[in-house]
Amino acid sequence: MFKLFVAVALLAITASAQPTPPTADQVKAELVAAGVSDTAAAGLIAVGEKYKDQFIAAKGDKEAGKKVFDQLRTDAETYIKTQPEADQTAFVAFIQKKKAEFEANHGGPAPLSGV
C-alpha cells in the first residue's frame, strides 16, 4: 500500500508555505479538484479537524507537533485505506504535488515528509 501523508499533513505543508493556513473548505476544494471524491475529501478533512486544536496547542513545540502529526497520520491512513483505489491514488498524487510545491518555494524538503 502507498505510504501516505494525511490531510492534516497537507495542512501543515500548506500552512508552512502561507502566512495564514487554508480553511478546511479550501483544502477540501483542492482535494476534489485533484480527483479525490467529495466523500473521501470530506472524510480526510474530518480526520484533520479532530486534531486542529492539538496542533494549535503544540505550536512552537516541535516534539509535541510531531506526536500530534503521528497520531493524525495513523488515523488518516486508516481512513484513506477504506476508500476506493482511485481516491487513494488521487490523494497520493495531490500530496506529492504539494510537497514539490513546498520544496520549490522553500529550497528544501517538506517538514514531516513521509511520501
Side-chain angles (χ1 to χ4, degrees):
M1 184 58 124
F2 299 105
K3 184 171 183 182
L4 298 174
F5 261 58
V6 293
V8 175
L10 167 65
L11 289 171
I13 290 171
T14 307
S16 298
Q18 300 176 8
T20 305
T23 66
D25 288 338
Q26 290 169 324
V27 173
K28 182 180 175 196
E30 287 186 47
L31 285 164
V32 170
V36 177
S37 71
D38 190 67
T39 301
L44 288 165
I45 295 302
V47 170
E49 287 291 318
K50 289 185 345 185
Y51 291 93
K52 185 176 179 179
D53 291 338
Q54 292 177 45
F55 272 111
I56 291 169
K59 188 174 183 173
D61 183 343
K62 188 175 179 178
E63 191 168 316
K66 183 180 181 330
K67 183 178 177 183
V68 175
F69 175 80
D70 289 344
Q71 292 169 339
L72 167 74
R73 179 176 25 200
T74 298
D75 283 358
E77 285 177 350
T78 300
Y79 173 77
I80 198 67
K81 287 176 185 176
T82 68
Q83 300 306 298
E85 187 174 334
D87 285 328
Q88 293 178 40
T89 301
F91 180 68
V92 168
F94 176 73
I95 294 302
Q96 289 173 340
K97 178 183 173 198
K98 288 298 182 180
K99 179 181 170 188
E101 289 173 1
F102 179 90
E103 290 172 353
N105 291 329
H106 292 85
L112 307 173
S113 50
V115 173

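Not measured: the values here are computed from a predicted model. Keep in mind that the numbers below use all heavy atoms, side chains included, and drop hydrogens, waters and symmetry copies.
For the salt bridge (charged side-chain N to carboxylate O under 4.0 Å, His left out) condition, the pairs that include at least one residue of residues 32-45, sequence neighbours left out, are Lys28-Asp38.
A salt bridge links Asp70 to Arg73: at least one charged side-chain nitrogen sits closer than 4.0 Å to a carboxylate oxygen. Of the charged side-chain nitrogens involved, at least one lies within less than 4.0 Å of a carboxylate oxygen, so that Glu101 and Lys98 count as a salt-bridged pair.
Between Ala41 and Leu31, the closest heavy-atom pair is CB-CB, 3.9 Å. Here the closest heavy-atom approach between residue Ile45 and residue Ala24 is recorded as CG2-CB, 3.5 Å. Between Gly65 and Ala58, the closest heavy-atom pair is N-CB, 3.6 Å. Across every non-hydrogen atom of Leu72 and Gly48, the tightest pair is CD1-CA, 3.8 Å.
Considering only residues two or more places apart in sequence or on other chains, Lys52 meets the side-chain hydrogen bond (donor to acceptor under 3.5 Å, both in side chains) condition with none of them. Ala29 meets the side-chain contact (heavy atoms from CB on, under 4.5 Å) test with no other residue; sequence neighbours excluded.
Distance check: Gln96 CD to Phe91 CZ gives 10.5 Å after rounding to the nearest 0.5 Å. Atom-to-atom distance recorded for Asp87:CG and Ile80:CD1 is 6.0 Å, nearest 0.5 angstrom.
Remark: side-chain polar atoms of Gln54 are not paired, donor with acceptor, to backbone N or O of Tyr51 under 3.5 angstrom. Proximity of a side-chain donor or acceptor of Asp75 to a complementary backbone N or O of Val47 within less than 3.5 Å is not detected. Side-chain atoms of Gln88 come within 3.5 Å of backbone N or O of Gln83 as a donor-acceptor pair.
Residues Tyr79 and Val32 are members of separate hydrophobic clusters, defined by side-chain heavy-atom contacts under 4.5 angstrom among Ile, Leu, Val, Met, Phe, Trp and Tyr.
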